[in-house]
Colleague: 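Shown below is the structure under consideration.
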Amino acid sequence: MTENMRSLRNFFLYKCLFALTFWNHVSLSVENELFTSVSNNFPEDGSDEKIKSLPLLYTNSHQSKANFDWVVIQNTTESLSLSEITNDNVKKLVALLSNFRRGSRLQNLTLTNVSVDWNALMEIFQTVWHSSVEYFTINSVTQLSEIESYGFDYSGTAMKALTMTKVLITDLYFSQDVLYIIFADMNIAALTIAEAEMIHMLCPSSNSPFRYLNFLKNDLTDFLFQNCDKLIQLETLILQKNKFESLPKVSFMTSHMKSLKYLDMSNNLLRHDAADVQCQWAESLTELDLSSNQLTDAVFECLPVNIKKLYLQNNQITSVPKEMAELKSLEELNLASNRLADLPGCGGFTSLEFLNVEMNSILTPSADFFQSCPRVRQLQAGRNPFKCSCELQDFIRLERQSGGKLFGWPAAYVCEYPEDLQGTQLKDFHLTELACNTVLLLVTALLLTLVLVAVVAFLCIYLDVPWYVRMTWQWTQTKRRAWHNHPEEQETILQFHAFISYSERDSLWVKNELIPNLEKGEGCVQLCQHERNFVPGKSIVENIINCIEKSYKSIFVLSPNFVQSEWCHYELYFAHHKLFSENSNSLILILLEPIPPYIIPARYHKLKALMAKRTYLEWPKEKSKRALFWANLRAAISINLPMPDGQRCGEID
């Protein structure tokens, strides 16, 4: 065939493939014939000259399965993606892949929705194994027939990585070893089997080239790779979302993996409670993910000594034991979403640079954290239930001095307690130095107490408070005795129009002027005077109280002599007490002589208050004004009192 004829045939082939892109109703026979033509167009020598001329082909994926066997999703010189692989078209797939021999440019192959028998699946794998494909991904695999032994030829492969996800095996009764040995002995660098409900994996028969193993979301248990010494090149092992329970057994699993650097055991059921069980990890292990398990504080007794990055978030850790083995190489520690009550110290982590303790139970973080952890460059402690108190002030001050080492500040650092500060950012929380310095607070309180005591003592002396206390006590005792001795007389009956309180030095005016003008004048006025109405045998205080209570009014004759009399002070106090206790207007003040304010003692503050607030009658020196004085005074004490039987107005008992 001449070169021109070859070009013409290739052009015709291109046109046919391009037409399929737009015509969804093309028949299955035409498509199969075209596929055969494409397959036959590949040279037997394995060169990829013809592959370069293949166009990018997209067929409408919404066609029903009745119109096509499988759909080519993407096809380039280096990548090929196919879907809907079944037993009906698997031969055509194998025929197509057989043309991509080693040396061709196809490196990436992806198969999606594969539903074939065991032997057909093995034939696909075997074909890919001897092709130019380096990275093989197969998604949504359903194996339909019984699994049986297969002599797989691993030689002469370009394969580097195999990824299988969502694998369903319909055969319920088969030899596990027959299945797992196929994958365990693969001579590739990376193997991923995810979401396959895989319960076990065999140890390779010989030293394996595996450097990367990913068994995400399966049903693997603690029996995996126990006493397996063939994975000497393995660097990364991902066992996330399986059913591992024993942390020591996991450590023993890694003990023969001399090159292991990264291990992901997150989202399992791991525990470690037995303190007497020794753990034995691979010495090469530097990064370990144990997040989302059931680990407690005891986990720190079972950790790789050379670990650099450790992820323990979402466990049940309450504290980091101080007596734990020292992890000198640890640089990054994640303890988020645990039950820590405080920041851990760095006694066992001398090289720690990054610490995450978010979402724990830390109320008041230790303010000396950065002193005990001088190498820490970033602390992530937000989203904790901080209690905004004096203790937290030191931590806030620490943030200002740390130079931005608190990650997430200030948005992630918010008060949770007390309730009135809930939602307040820590940067906006402030307390005075006095409120938080206990020594200063005690000294201030002591000084204030001394000042208060001094002020109270001064006022007590200046205002004669002890005297008032004594008078109140006497009043109370007198009332109590009266109630105890004469309970039937507790209802007070007024017997006098007024009780007269005066200084003995003013007695001549009282006897010659006040009493005669009131008792012998108009109306029948009865006055209570201590000389004639005090009951012998009773105390003076008791007589004063009784007279005041039995009198409608109390007349106080004020003069410089009055303020010098102790008994006048008593009488004024008790009368004033009645004024407030009975809410009555019973006081009448007569100013016999002017009283200069400076001669009134300080303890007579009630007298000063009464003279300032109440109207008083002033004794007139002019005789012409005295008639009005007596008229006003009689009016002030005017009240009808019951007279004792046989007594006439003006007569005294």
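One-based numbering along the sequence shown. Small disclaimer: the values here were computed from a predicted structure and weren't measured.
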Colleague: Under 3.5 Å, is there a donor-acceptor pair linking the side chains of S246 and D222?
Modeller: no
Colleague: Quick one: does any side-chain atom of N293 pair with a main-chain N or O of L290 as donor and acceptor, under 3.5 Å?
Modeller: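 Yes; at least one donor-acceptor contact below 3.5 Å.
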Colleague: Looking at F407 versus F354, is the centre-to-centre ring distance below 6.0 Å?
Modeller: no
Colleague: Under 3.5 Å, is there a donor-acceptor pair between the N314 and S337 side chains?
Modeller: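 Side-chain D/A pair, N314 to S337: absent.
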Colleague: Could you measure the distance from the CG atom of L330 to the NZ atom of K309? Nearest 0.5 Å is fine.
Modeller: 11.0 Å
Colleague: To the nearest 0.5 Å, tell me how far Y311 OH sits from E287 CD.
Modeller: 4.0 Å
Colleague: What's the spacing between K261 NZ and E235 CD if we round to 0.5 Å?
Modeller: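 So the gap between those two atoms works out to 5.0 Å.
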Colleague: Strictly by modelled atom types, are E416 and Q422 linked by a side-chain donor-acceptor pair under 3.5 Å?
Modeller: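 Note: E416 and Q422 side chains meet the donor-acceptor criterion.
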Colleague: Strictly by modelled atom types, are E283 and N306 linked by a side-chain donor-acceptor pair under 3.5 Å?
Modeller: no
Colleague: Using distance alone, with no hydrogens and no angle criterion, decide if N119 and E148 have a side-chain donor and acceptor under 3.5 Å apart.
Modeller: yes
Colleague: Return yes if a side-chain donor-acceptor contact under 3.5 Å exists between Q233 and R211, otherwise no.
Modeller: no
Colleague: Taking the six-membered ring for Trp, are F152 and Y154 ring centroids under 6.0 Å apart?
Modeller: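 Ring centroids of F152 and Y154 are less than 6.0 Å from each other.
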Colleague: Around atom CD of Q226, are there more than 12 heavy atoms of other residues, nucleotides or ligands at under 6.0 Å?
Modeller: yes
Colleague: Assess the side chains of T142 and S115: does a donor N or O sit below 3.5 Å from an acceptor N or O?
Modeller: no
Colleague: For residues D297 and T318, is any side-chain donor paired with an opposing acceptor at under 3.5 Å?
Modeller: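 A donor-acceptor contact under 3.5 Å links the two side chains.
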Colleague: Looking only at the side chains, is there a donor atom on one of Q380 and E358 sitting less than 3.5 Å from an acceptor on the other?
Modeller: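 The answer is yes; a qualifying pair exists.
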Colleague: Would you find a donor on one side and an acceptor on the other, under 3.5 Å apart, between the side chain of D289 and the backbone of D264?
Modeller: no
Colleague: Would you indicate whether the side-chain heavy atoms of T137 and L111 approach each other to under 4.5 Å?
Modeller: no
Colleague: So is K249 actually on top of F223's ring, under 6.0 Å and inside 45° of the axis?
Modeller: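 Yes, cation above the ring, under 6.0 Å and within 45°.
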Colleague: Does the side chain of F225 reach to within under 4.5 Å of the side chain of L213, using non-hydrogen atoms?
Modeller: yes
Colleague: For the backbone of A282 and the side chain of T254, can you confirm whether one donor and one acceptor N or O come within less than 3.5 Å of each other?
Modeller: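 Indeed, once roles are kept as given, a pair shorter than 3.5 Å links the two residues.
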Colleague: Where does the angle between the aromatic ring planes of H200 and Y180 fall among parallel (under 30°), tilted (30 to 60°) and perpendicular (over 60°)?
Modeller: perpendicular
Colleague: Rounded to the nearest 0.5 Å, what separates atom CD in Q107 from atom CD in E78?
Modeller: 5.5 Å
Colleague: Classify the side-chain pair S155/D153 by whether it contains a donor and acceptor separated by less than 3.5 Å.
Modeller: yes
Colleague: Taking NZ, NE, NH1 and NH2 as the nitrogens, is one of them in R377 or E353 under 4.0 Å from a carboxylate oxygen of the other?
Modeller: yes
Colleague: Would you indicate whether K230, at its atom NZ, is surrounded by more than 12 heavy atoms from other residues, nucleotides or ligands within a distance under 6.0 Å?
Modeller: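 Counting other residues, nucleotides and ligands, NZ of K230 exceeds 12 neighbours.
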Colleague: Is E123 salt-bridged to K91, cutoff N-O under 4.0 Å?
Modeller: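 Result for this pair is yes, salt bridge flagged.
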Colleague: Counting only heavy atoms not in Q176, do more than 12 sit closer than 6.0 Å to its CD atom?
Modeller: yes
Colleague: Any idea how F125 and F183 line up, ring-wise: parallel (<30°), tilted (30 to 60°), or perpendicular (>60°)?
Modeller: perpendicular
